[in-house]
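One structure below.
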Amino acid sequence: MASSGMRTGGGGGAGPRMSAKMDRLGGFSATPKAAAGKQRLSSAAGGGAYRRTSSGPLPAQGGRSSSDGVSSRVRVAVRLRPRNAEESAADADFGDCVELQPELKRLKLRKNNWDSETYEFDEVLTEFSSQKRVYEVVAKPVVESVMEGYNGTVMAYGQTGTGKTFTLGRLGEEDTAARGIMVRAMEDILADITPETDSVSVSYLQLYMEMIQDLLDPVNDNIAIAEDPRTGDVSLPGATVVEVRDQKSFVDLLRVGEAHRVAANTKLNTESSRSHAILMVNVRRSVKGRTEMDISISGENGHSSSMMGSFRPPIVRKSKLVVVDLAGSERIDKSGSEGHTLEEAKSINLSLSALGKCINALAENSPHVPVRDSKLTRLLKDSFGGTARTSLVVTIGPSPRHRGETTSTIMFGQRAMKVENMVKLKEEFDYKSLCRRLDIELDKLIAENERQRKYFDDEVERIRAEAQCRIAEVERECKITLESEKTKYHQEYLDSIKILEEKWKIHQQSPKKQVKESESTSNDVGEVDNLLQNEKMLRQSAEDEASDLKNQVSHWKKLEATATAEVVKLRKMLDTEASQKEKLEEEIGVLRSQLLQMSVEADETRRSLDKGDGPGKIFPGLDSLVSQTRGSQPREQNNGPKQPIAKLFEQVGLQKILSLLESEEPDVRVHAVKVVANLAAEEANQEKIVEAGGLTSLLVLLRSSEDETIRRVAAGAIANLAMNETNQDLIMAQGGVTLLSMTASDAEDPQTLRMVAGAIANLCGNDKLQTRLRGEGGIKALLGMVRCGHPDVLAQVARGIANFAKCESRAATQGNKVGKSLLIDDGALPWIVKNANNEAAPIRRHIELALCHLAQHEVNSKDIINEGALWELVRISRDCSREDIRMLAYRTLTSSPTLQAEMRRLGIKIL
């Protein structure tokens with residue numbers, strides 16, 4: 001009996017014997033004809049339909065343009081495996097069941113010796129085709145598209161043991177010529193990227209028994225699939241992502257993944273893959289030469305600056321290459337699978353059958369494609385009928401014993417050629433890089449301003465100190481000189497007076513001698529006169545010297561005044577610098593304000609691109625924003641400085657963004673709440689916003705603001721946060737449902753009502769909040785919003801009712817709820833019945849689900865019958881376009897005794 005085990009090497013599904021024969025044949029070495037057809041393959045592509053008779057060449061692959069992208073048909077190549085030793089011995093007397101015509105890109109499938117059928121493909125690869133040739137015609141065009149910013153898929157399909165893993169996953173450690181598509185694709189990717197600006201990361205998974213397992217982390221064995229509700233993109237957030245820098249590390253990762261992949265020994269293949277292997281390569285590239293920030297600083301006398309620059313942020317391209325090695329389809333009687341291997345084979349065949357159904361539906365342009373029937377089809381949603389460029393290689397064997405499996409594989413490839421994808425360019429703006437560049441320039445300007453200001457302050461202090469020292473020294477010298485001269489002249493004056501007094505006394509005491517000495521007295525008087533003249537001359541000299549000293553003092557005072565004027569001039573220069581700094585801060589505020597507006601308009605651009613504006617169309621307001629900003633800067637400077645707008649998220653700080661929600665300027669509040677709403681749309685940011693108090697600020701805005709735009713955007717941000725269960729509890733604890741209900745009763749704008757309804761609908765999906773939500777008026781608020789009549793509002797109301805009904809149904813099944821539905825108590829059933837057949841598909845789908853969940857419980861049956869909902873349930877079980885809802889309605893009708901009795905009474909039969 002075949003036993004399952006873990007793969008131990010990098011060999012393909014064809015087994016060691018096939019590998020040995022391929023190596024013996026030169027590793028699929030290309031023939032001259034195959035090499036000559038290589039150039040034709042790059043431009044030719046096959047038609048969608050298969051034909052049983054030969055005809056002319058296939059038409060060139062269509063590439064019509066549309067508003068959503070470029071149409072690209074799935075390219076399909078067929079590769080023939082050489083006979084292995086067992087087939088050579090068992091089928092020695094029989095010819096191959098297929099005949100290849102690579103020059104004509106045709107394949108003949110022999111039914112017998114005289115009858116055959118002819119099929120055409122995009123490329124026909126013989127058993128002698130080399131691995132390099134296979135890569136160049138199958139995968140290289142897809143890899144080149146990925147490097148240009150488009151998603152791409154390369155997939156191998158075929159019977160077990162026909163060489164799918166050899167084609168895709170061969171490591172080529174012993175022979176480099178045997179390297180598979182995975183290794184060669186990574187070589188081209190690493191050779192084309194710039195390590196400084198670009199990055200490449202990989203995830204390696206397997207889909208085993210309908211469970212997605214991480215081949216790089218075997219403990220992670222049940223990864224959930226996440227789907228973006230806005231774009232529909234499918235992702236695996238729980239998968240291990242490893243950044244790749246060189247080829248050696250990538251080969252090591254492949255070796256680790258192959259060692260963990262499940263394989264088993266069967267009759268058809270000694271090392272048969274029992275799981276679908278999926279390699280995801282994410283490429284992030286910066287677009288050079290498109291948007292370069294040009295910030296110039298021009299100065300006048302070194303004291304003024306102005307900032308002029310382009311506001312376009314850098315552009316990055318994020319693309320993804322998916323390489324899928326499908327497990328081989330097998331017949332149980334031929335493979336001999338037993339026990340657990342048999343269960344593995346059943347799971348493989350079921351997932352491949354689901355993939356075939358999806359491709360059939362896409363090939364026939366069916367309105368319903370059952371992508372949710374299997375996790376494999378969900379993961380390949382973008383590869384078939386999506387936005388990726390897809391290339392499929394189908395592998396077949398030559399043995400006539402497996403003609404049935406070979407025919408099935410060929411027909412699968414023919415149907416896949418009918419599928420068309422709308423290829424889209426994956427570009428987005430790199431605002432974080434722009435913010436970092438703005439911050440660097442801002443830091444440089446601030447540092448330069450601080451340096452100049454410190455220099456001027458130091459210069460002013462130096463001149464002031466020098467002037468004060470000089471003035472003090474002059475005053476001290478003048479004071480000393482004046483005191484010395486004054487003392488000297490005063491002493492001489494006193495001495496002269498004293499001499500005169502003595503002479504006068506002598507003259508009074510000797511009258512007799514007066515006559516005698518009259519002559520001598522007259523001489524003395526003359527002497528006194530001379531002394532007086534000398535005294536006058538000395539006094540005049542002292543006054544002249546004092547006048548000179550006063551002139552010197554006046555001169556020093558003039559020097560002091562000059563120094564004071566210089567100090568005043570320096571102070572004016574400082575004031576001018578302060579004014580220039582203030583203007584600079586205003587300009588920076590304007591730049592950040594415009595950057596904030598660009599973030600909002602970029603979100604609108606992204607939504608318009610998703611709606612059909614095309615990948616090459618840039619939002620027209622972005623170019624005009626530059627001219628508006630340049631023209632509005634002087635006007636904003638005259639009106640006074642605005643608060644600086646912090647940069648987005650972590651580069652500036654979430655607290656700064658949230659602080660703008662309390663700004664007194666209405667425009668600032670509007671832009672700030674839009675930024676918070678955009679950040680809240682990403683699940684990775686929600687926890688940080690709540691921790692920083694963003695939820696509380698949004699609820700305060702919802703309660704206090706009268707601006708309709710603020711209320712609408714705040715409600716949308718709360719709706720985004722309400723997608724997380726932890727945030728739902730916080731919203732309820734802070735009275736969020738009451739605020740949303742009040743907003744629903746006051747608002748008239750359909751978009752505001754849609755946001756409020758979306759927030760309440762998200763809360764309705766929490767089992768723990770049912771009673772509180774109804775008690776605080778959440779259900780009545782939902783039903784009250786139907787007055788608007790807008791389809792988007794009604795769709796959100798229907799979604800909320802469906803979520804609430806589903807939670808009630810789950811609680812009743814688990815025994816946590818008894819009694820009639822709260823929705824019925826609040827009067828929701830008449831509206832549900834009225835809109836159960838609504839023309840809008842989203843509204844109808846949610847209401848049909850809600851009605852089915854309500855009818856699942858016997859306690860609601862009487863109300864279902866009285867309101868006429870029984871007829872709607874019967875219609876849903878017969879006519880609903882969705883099979884899951886149709887089956888749910890059928891099970892509900894057949895499991896309810898009350899509904900069964902009423903249907904018998906009315907004569908209703910369920911088909």
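Within the 3.5 Å criterion, the main-chain N or O of Ala836 finds no donor-acceptor partner in the side chain of Arg844. Side chain of Glu848 to main chain of Ile885: no donor-acceptor pair is present (N/O by atom type, distance under 3.5 Å, no hydrogens or angles). Put simply, the side chain of Arg285 never gets that close to the backbone of Gly149: no donor and acceptor are under 3.5 Å apart. Checked by atom type and distance alone, the side chain of Asn838 never pairs as donor or acceptor with a backbone atom of Ile843 at under 3.5 Å. In this structure, the side chain of Arg772 does not engage the main chain of Leu769 through any donor-acceptor pair within 3.5 Å. Between the side chain of Ser745 and the backbone N or O of Met742 there is at least one donor-acceptor pair closer than 3.5 Å. Asn803 places a side-chain N or O within 3.5 Å of a backbone atom of Ala761 that can act as its donor or acceptor partner. Asn449 places no side-chain N or O within donor-acceptor distance of the main-chain N or O of Leu445, the cut-off being under 3.5 Å. Not one N or O on the side chain of Asn421 forms a donor-acceptor pair closer than 3.5 Å with the backbone of Ser71.
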Exercise. Taking it one step at a time, do Asn766 and Gln728 satisfy side chain to side chain donor-acceptor pair (under 3.5 Å)?
Worked result: CA-CA 8 Å; Asn766 192 321; Gln728 291 172 356; 2.7 Å; yes
Exercise. Can you list the steps and then say if Arg774 with Glu808 is a salt bridge (charged side-chain N to carboxylate O under 4.0 Å, His left out)?
Worked result: CA-CA 12 Å; Arg774 190 246 185 166; Glu808 277 193 330; over 6 Å; no
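Residue Glu448 qualifies as enclosed at atom CD: its count of foreign heavy atoms under 6.0 Å is above 12. Counting non-hydrogen atoms of neighbouring residues, nucleotides and ligands closer than 6.0 angstrom, the NZ atom of Lys375 exceeds 12 such neighbours. Around atom CD of Glu839, no more than 12 heavy atoms belonging to other residues, nucleotides or ligands sit under 6.0 Å away. Dense packing is recorded around CD of Glu227, with more than 12 heavy atoms of other residues, nucleotides or ligands lying under 6.0 Å away. More than 12 non-hydrogen atoms from other residues, nucleotides or ligands lie less than 6.0 angstrom from CZ of Arg810.
Between the CG atom of Asp198 and the CD1 atom of Ile189 there is a distance of 11.5 Å, given to the nearest 0.5 Å. Here Gln770 contributes atom CD and Asp767 contributes atom CG; the two are 6.5 Å apart, rounded to the nearest 0.5 Å.
Ser286 and Thr197 form no side-chain donor-acceptor contact under 3.5 Å, judged by distance and modelled atom types alone. Checking Thr387 against Asp382 by side-chain atom types alone, a donor-acceptor pair falls below 3.5 Å. In this model, a donor atom of one side chain and an acceptor atom of the other lie less than 3.5 Å apart for Gln734 and Thr696. Between the side chains of Arg799 and Asn762, at least one donor N or O sits under 3.5 Å from an acceptor N or O.
Within the 4.5 Å cutoff, the side chain of Val70 has no heavy atoms near those of the Tyr150 side chain. A heavy-atom distance below 4.5 Å is not found between the side chains of Val281 and Lys320.
For the salt bridge (charged side-chain N to carboxylate O under 4.0 Å, His left out) condition, the pairs that include at least one residue of residues 707-723, sequence neighbours left out, are Glu708-Arg711, Arg712-Asp749.
We find that Arg284 and Glu243 are not joined by a salt bridge, their nearest charged nitrogen and carboxylate oxygen being 4.0 Å or further apart. With salt bridges taken as basic N to acidic carboxylate O contacts below 4.0 Å, one links Lys768 and Glu725.
Checking Ser199, Ser319, Ser201 one by one against Asn282, the side-chain contact (heavy atoms from CB on, under 4.5 Å) holds for a single residue, Ser201.
By the side chain to side chain donor-acceptor pair (under 3.5 Å) test, Lys834 pairs with no residue at all, sequence neighbours left out. Checked against side chain to side chain donor-acceptor pair (under 3.5 Å), Arg703 has no partners two or more places apart in sequence or in another chain.
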